[in-house]
Protein chains: 2
Amino acid sequence: MARRTGDATREEIRNAAARLFRERGFARTSVRDIAAGAVTNPALVIRYFGTKELLFLDTMRFSIDDSPLFDVPLAEFGERFVEVLLADDDVRGVYLALVRGSNEPQIRARLQRIHEQTFVGPVRARLDGPDADVRAALAAAVVGGLLYSLWVVEDESLVTADRDDLIARYGALLQLALTGPTSHRPTAAPPR
Amino acid sequence: MARRTGDATREEIRNAAARLFRERGFARTSVRDIAAGAVTNPALVIRYFGTKELLFLDTMRFSIDDSPLFDVPLAEFGERFVEVLLADDDVRGVYLALVRGSNEPQIRARLQRIHEQTFVGPVRARLDGPDADVRAALAAAVVGGLLYSLWVVEDESLVTADRDDLIARYGALLQLALTGPTSHRPTAAPPR
DNA sequence: GTCTATATGTGGATAGAC
DNA sequence: GTCTATCCACATATAGAC
């Protein structure tokens, strides 16, 4: 086999790892599988990345493009946010691998950061008032509940539901978490 | 060491396994740890339960006592349901172990069954109309989102929040998922 | 500098002695 | 019924070939 540069090999290991971790998760992916996927050997995988967990952390990242949300009126934010989350196909695999690996402290820390940046952040930016932090956390919990039911549990009623209908219905629920049922005030306080 | 009967040893293995799986999860609990906890050896653990995964499935069960929910008026159901879920201390460990082990098809099947029985079931029993199934699934997703944020992600704002306040706030959100913001129907909640 | 071969320790599972 | 000895796959680490 022709030699590659270290960087090229490194990149192929990373690509193979990202694909396998997304498809099979952390536990069901062996360092040997990754090496085979990158047409090299297990020793090199460890040499470049230290441990299997560090390689996992190196590859299991995602961020959504939340720029389309900036201009959305607050009243439509819930539905549009759900739409954006379900739009990106890469998100699912990474999110699942992180949730299922979250018994490891470092992986849970990564999940916390992504939860904060992806779910809490965009919501928090649109709220104000003394309890905005808690309300953003509660709304993020509602958001997390959809991905959890849809991807972790694979609830049949949701998996087989019409995608647009799901976005409309769950978006409306999220909207209530954001602006509350009494929508007569400009920035809307929560119930109570 | 004095001999025990097979049934007694079996029970001690089960107890040790249940405790360790709840505390450390599936991946971080070894068959050797379980054997040591039951003061026996790994071979016997496998002999009695077949595989580590079958032992896990044998021990990781829970059900909530939802009988106090039967008499609750629909308008108060959301808050009371959240209260019941957070009341039982055993639920957390088992739920977490199942979520984190859900990459294994059999463990995911168990999680689905518990999700159905514990989250969807009690809600579904109180709803009617043509779309009751989907609405129950959506409400169950909201419920799952709380346990997910609180226990899997360990969102700081929620973990440190006052327990009663959390129950009141998230219960209100669940209530909206159940009976909706339009309060003109007989079974619906009164306007805030 | 890039990689192969190989060693070490852990963990799930099995065979067979008692 | 219980346990010792052992097997095999795996993550990880190191020595040294090219």
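The chains referred to below are lettered A, B, ... by the order of the sequence lines, with proteins before strands, and numbering in each begins at 1. We use all heavy atoms of the structure for the numbers below, so side chains are in, but hydrogens, waters and symmetry mates are not.
Considering B/K52, B/R14, B/R110, B/R10 in turn, B/R14 is the only one that fulfils the salt bridge (charged side-chain N to carboxylate O under 4.0 Å, His left out) rule with B/D58.
Rounding to whole angstrom units, CG of residue B/D33 and P of C/dA13 are separated by 14 Å. What separates CG of A/L55 from P of D/dC10 is a distance of 17 Å, to the nearest Å. Taking atom CD1 of A/I13 as the reference point, atom P of D/dA11 lies 14 Å away to the nearest angstrom. Rounded to an integer number of Å, the gap from B/I34 CD1 to C/dA13 P is 10 Å. Taking atom CZ of B/R32 as the reference point, atom C1' of C/dG9 lies 11 Å away to the nearest angstrom. Rounded to a whole Å, the CG atom of B/N41 is 17 Å from the P atom of C/dA17.
DNA chain C is contacted by B/A43, B/I46 of residues 42-50 of chain B, taking any non-hydrogen atom closer than 4.0 Å. If you check residues 17-27 of chain B against DNA chain D, you find no residue with a heavy atom closer than 4.0 Å.
A close approach under 4.0 Å does occur between a side-chain nitrogen or oxygen of B/T40 and OP1 or OP2 of D/dC3. Note on A/T51: every side-chain N or O is 4.0 Å or more away from OP1 and OP2 of D/dA11.
Ion pairing between a basic and an acidic side chain is recognised when a charged N comes within 4.0 Å of a carboxylate O; B/R113 and B/E116 show no such pairing. Remark: B/E104 engages A/R28 in a salt bridge, criterion side-chain N to carboxylate O under 4.0 Å.
More than 12 heavy atoms of other residues, nucleotides or ligands lie within 6.0 Å of CG in B/D162, so this atom counts as buried by the packing criterion.
A cation-pi arrangement, defined by a distance under 6.0 Å to the six-membered ring centre and an angle within 45 degrees of its axis, is absent between A/R92 and A/F62.
Looking only at distances, a side-chain donor or acceptor of A/Y170 sits under 3.5 Å from a matching main-chain atom of A/V142.
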